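Read the structure below first, then the notes.
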Amino acid sequence: MADTSASTAGSKAPFLTDVKTLRDRARKHIDEGSVTAGYAADRDTVLKLLNDALATELVCTLRYRRHYFMARGIHSQSVAQEFLQHSNDEQAHADQIAERIVQLGGEPDFAPEGLATRSHAEYVEGTSLTSMIKEDLIAERIAIDSYREIVQYLGERDPTSRRMMEEILAKEEEHADDLADLLVAFPNEDKGNERSGRAR
């Protein structure tokens, strides 16, 4: 009969920590909340990465919100609704990240000072409907690359933060796809209005 005991291949070491040790650890470090001895990542590094991602989401929320209000032109209504939805998604991402930062014993950095420099993406207002779409697509592409690197860094060190960032990454890829479709639909619809700074 095959040995079904929880042990690693080629070793007699138990796969799981014994219950008594788990209980003792939990009581000893109760002030650390959800961060246990099994947390393998450098917490300071993870908090820095998450706060940078938080800044990115906040800047994207604000940029999309401005674009929602400033959208003008024949196709502006449908595009503006897309901007609003993306803004709401980015705010939800910011809330998720802030919550995780607190779970890790850190403090989410919402300070307006330096927000733009902490963010990976830029805050570019855009001068027309097309330029707004392009700037938002550029920002999404930046977020996709930087979030993919964060996911790779976290790996198995912090699977909870990694899964959260993977979910956010998937949404950013969806946003980028939406914006790329908009550019195909309206490639130069307001080209003549870019000189005037209005998309009317």
Side-chain angles (χ1 to χ4, degrees), residues 31-35 39-71 79-80 82-155 157-176 178-180 194 197 199:
D31 59 321
E32 294 188 23
S34 65
V35 182
Y39 186 78
D42 181 301
R43 195 170 3 172
D44 289 340
T45 300
V46 173
L47 290 172
K48 168 70 166 60
L49 291 173
L50 293 181
N51 261 313
D52 288 350
L54 174 61
T56 302
E57 294 299 322
L58 292 172
V59 166
C60 288
T61 299
L62 295 171
R63 190 190 59 255
Y64 272 125
R65 213 65 166 196
R66 175 187 164 82
H67 291 176
Y68 165 69
F69 285 109
M70 293 300 294
V79 176
E82 194 76 33
F83 290 157
L84 180 60
Q85 182 59 55
H86 288 195
S87 177
N88 291 338
D89 290 343
E90 306 294 5
Q91 182 61 61
H93 296 164
D95 292 345
Q96 284 180 274
I97 294 168
E99 184 176 6
R100 181 57 181 161
I101 289 169
V102 172
Q103 286 176 346
L104 291 174
E107 296 182 5
D109 189 350
F110 284 95
E113 301 83 7
L115 187 63
T117 56
R118 294 194 310 273
S119 168
H120 300 152
E122 296 173 290
Y123 180 90
V124 181
E125 294 178 347
T127 57
S128 68
L129 197 59
T130 301
S131 68
M132 290 176 194
I133 296 170
K134 286 180 178 177
E135 290 301 334
D136 289 331
L137 178 53
I138 289 167
E140 293 291 359
R141 288 171 57 80
I142 292 168
I144 288 166
D145 272 348
S146 62
Y147 291 178
R148 188 176 292 122
E149 289 183 9
I150 290 173
V151 166
Q152 289 170 350
Y153 169 79
L154 292 170
R157 300 181 185 99
D158 183 342
T160 304
S161 296
R162 187 199 72 231
R163 283 193 301 271
M164 177 191 71
M165 292 305 300
E166 284 173 338
E167 290 172 8
I168 293 172
L169 172 59
K171 197 67 179 177
E172 306 301 4
E173 289 175 342
E174 182 183 313
H175 286 175
D178 292 342
L179 293 164
E194 293 185 12

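Nothing here was measured: the structure is a model prediction, and the numbers come from that model.
Evaluation of the side chain to side chain contact (heavy atoms under 4.5 Å, CB included) rule for Glu174 yields Lys171, Asp178 as partners, not counting sequence neighbours. Scanning for side chain to side chain contact (heavy atoms under 4.5 Å, CB included) contacts around Arg162 gives Val151, Leu154, Glu156, Pro159, Glu166, with sequence neighbours left out. Here Phe83 pairs with His67 under the ring pair (Phe, Tyr, Trp, His ring centres under 6.0 Å) rule; sequence neighbours left out. Residues that satisfy the ring pair (Phe, Tyr, Trp, His ring centres under 6.0 Å) test with His86, not counting sequence neighbours, are Tyr64, His175. By the side chain to side chain contact (heavy atoms under 4.5 Å, CB included) test, Arg148 is found to be paired with Ile144, Asp145, Gln152, Leu169, Glu173, residues two or more places apart in sequence or in another chain being considered. Residues forming a salt bridge (Lys or Arg N to Asp or Glu O under 4.0 Å) with Glu149 (at least two apart in sequence, or on another chain): none.
Between Gln96 and Glu167 there is a side-chain heavy-atom pair separated by less than 4.5 Å. Counting only heavy atoms from C-beta outward, the side chains of Lys134 and Thr130 approach each other to under 4.5 Å. Residues Ile150 and Asp52 are not in side-chain contact: their nearest non-hydrogen atoms beyond the backbone lie 4.5 Å or more apart. Side-chain contact between Val79 and Met132: absent, with no pair of heavy atoms (C-beta onward) separated by less than 4.5 Å. The closest side-chain heavy-atom distance from Glu82 to Asp136 is not below 4.5 Å. Side-chain contact between Met70 and Leu129: absent, with no pair of heavy atoms (C-beta onward) separated by less than 4.5 Å. For the pair Ser161 and Leu50, the minimum side-chain heavy-atom distance is below 4.5 Å.
Taking CD of Glu57 as the reference point, atom OG of Ser87 lies at 10.5 Å (rounded to 0.5 Å). Distance check, rounded to the nearest 0.5 Å: CZ of Arg163 to CG of Asp158 gives 9.0 Å. Rounded to the nearest 0.5 angstrom, Leu54 CG and Arg100 CZ are separated by 14.5 Å. From Glu140, atom CD reaches atom CD of Glu135 across 12.5 Å, with rounding to the nearest 0.5 Å.
The backbone N or O of Glu113 sits less than 3.5 Å from a side-chain atom of Arg118, completing a donor-acceptor pair. Looking at Arg63, its side chain does come within 3.5 Å of a backbone N or O of Glu122 through a donor-acceptor pair. For the pair Asn51 (side chain) and Asp109 (backbone), a donor-acceptor distance under 3.5 Å is present. Judged purely by atom type and a 3.5 angstrom limit, Arg43 uses its side chain to pair as donor or acceptor with the backbone of Leu104. Within the 3.5 Å criterion, the main-chain N or O of Ser119 finds no donor-acceptor partner in the side chain of Thr56.
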Pair Leu62-Arg66, side-chain contact (heavy atoms from CB on, under 4.5 Å): steps then yes or no: CA-CA 6 Å; Leu62 295 171; Arg66 175 187 164 82; over 6 Å; no
side-chain contact (heavy atoms from CB on, under 4.5 Å) between Arg157 and Thr45, worked out: CA-CA 12 Å; Arg157 300 181 185 99; Thr45 300; over 6 Å; no
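Minimum heavy-atom separation, Ala116 to Val59: CA-CG2, 4.3 Å. Here the shortest heavy-atom pairing between Ile142 and His120 reads CG2-O, 3.5 Å.
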